[in-house]
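What follows is one structure encoded as structure tokens, with my remarks underneath.
Here is how names work: the chains are called A, B, and so on, in the same order as the sequence lines, proteins then strands, and each is numbered from 1.
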2 protein chains.
Amino acid sequence: MDAIDLSLVELLQGNARLSYAELARQVGLSAPAVHERVGKLESSGVIRAYRAEVEPESIGLGVTAVIGLVEDSGADTDDVLEAVRRMPEIDSCYFMAGVESFLLKARVGTIAELEQLIVRLNRTPGVASTRTGVALSTKWENRPQPLGPAS
Amino acid sequence: MDAIDLSLVELLQGNARLSYAELARQVGLSAPAVHERVGKLESSGVIRAYRAEVEPESIGLGVTAVIGLVEDSGADTDDVLEAVRRMPEIDSCYFMAGVESFLLKARVGTIAELEQLIVRLNRTPGVASTRTGVALSTKWENRPQPLGPAS
DNA sequence: GGCTGAGGTCGATAGCGTCCACGGACTGTG
DNA sequence: CACAGTCCGTGGACGCTATCGACCTCAGCC
């Protein structure tokens, strides 16, 4: 990971569809060289994926909620995790310090669907309670990360 | 937004670097047709951007925190928002229902940097208090959204 | 010095992006 | 019904890109 790799990562964070030729021009290398570097960034796991960022409203997902989840004493954390993973509405999942072991971000179409999701979560074995906050609006999300001079 | 547009969005959510030719094969249209459809999805705002998803640790951002922010009574919400926006560590910002007007997700390199960020937030005019939770691990994030039959 | 490996350039070729002219299915109208 | 207009697609063409293989260069090491 040198300075050129960092620039490549930064460029691709900004626009994942840049051509190798364009990347090459920006960093001052040839296209094959860039191709190889990006390939290594991908296979070493620095670049995990390339995703189109979609406006949730336009695909019928207008409601965003954040859910803190408290586990039963004696719950199997892996089982809970697996159950949560199977709910496609849950688009992010963090294991947290604190009473609420998990913090979930969910995206659904309507408040009614959110209600159903919460009920399903509360019924899940190992889940003691949940606490849900509803986002009224998303100001921004997943802003490209500032590239600290890395590892 | 018909079924083909939905497939295109779904395919690009999964891999933003697919070529138009490949997309065309997958949805059974010609490349120029796909090119035009994707162009319209972009300019109508359905597709906001294409981003490389980067492993935060590898660019020196190993600490994820979630911060609830309570505004002063009489604070100017727009000013608070502007101040928060200027902090590049804050990668997501939601305006929430509840006492904590904003929920922020931050990404920093070390706990020391997190401390500085929190101090800066608490010093910001209009901010009454903050409450921070630290993520011990990220199970997953920004999973491709399930494509409900959309608008 | 001479080997070796990493990482670059160059050149070639197949395939892709993108522009354009053209054509069929709907739709509203005389 | 015939007509024109619109929408949305196809196919062809052409320049640019992706990607492979051959070769070059430099650093480290025996």
Length of the CD-P vector between B:E36 and C:dC19, whole Å: 11 Å
Check: A:L18 main-chain N/O paired with B:R17 side-chain donor or acceptor under 3.5 Å: yes
Considering heavy-atom distances to DNA chain C, does B:E22 or A:L29 have its closest nucleotide positioned more toward the 5' end? A:L29
Please give me the minimum heavy-atom distance between A:R51 and B:N142, naming the atom from each residue. CD-O, 4.1 Å
Minimum-distance nucleotide (side-chain atoms of A:P32 versus D:dT10, D:dC20, C:dG17): D:dC20
Whole angstroms only, please: what is the CG-C1' distance between A:L23 and D:dT17? 12 Å
Tell me: CZ of B:R37 to P of C:dT18, nearest whole Å? 18 Å
Starting the side chain at C-beta, find the nucleotide from D:dT19, C:dT18, D:dT10 nearest to B:S30. D:dT10
Side-chain N,O (B:K40) to OP1/OP2 (D:dC8) below 4.0 Å: yes
Under the 6.0 Å and 45° cation-pi test, does A:K139 pair with B:F102? no
Nucleotide nearest B:S19 when distance is taken to its side chain, options D:dC8, C:dC16, D:dG9: C:dC16
Is the phosphate of C:dT18, meaning OP1 or OP2, less than 4.0 Å from a side-chain N or O of B:H35? yes
Compare the minimum distances between each of D:dT19, D:dT17, D:dC8 and the side chain of A:A21, then state the nucleotide with the smallest one. D:dT17
The nucleotide from C:dG17, D:dT19, D:dG12 with an atom nearest the side chain of B:Y20 is C:dG17
Using OP1 and OP2 only, check whether a side-chain N or O of A:R25 sits under 4.0 Å from D:dC16. no
Atom of A:V84, atom of B:R143 and distance for their closest heavy-atom approach: O-NH2, 4.2 Å
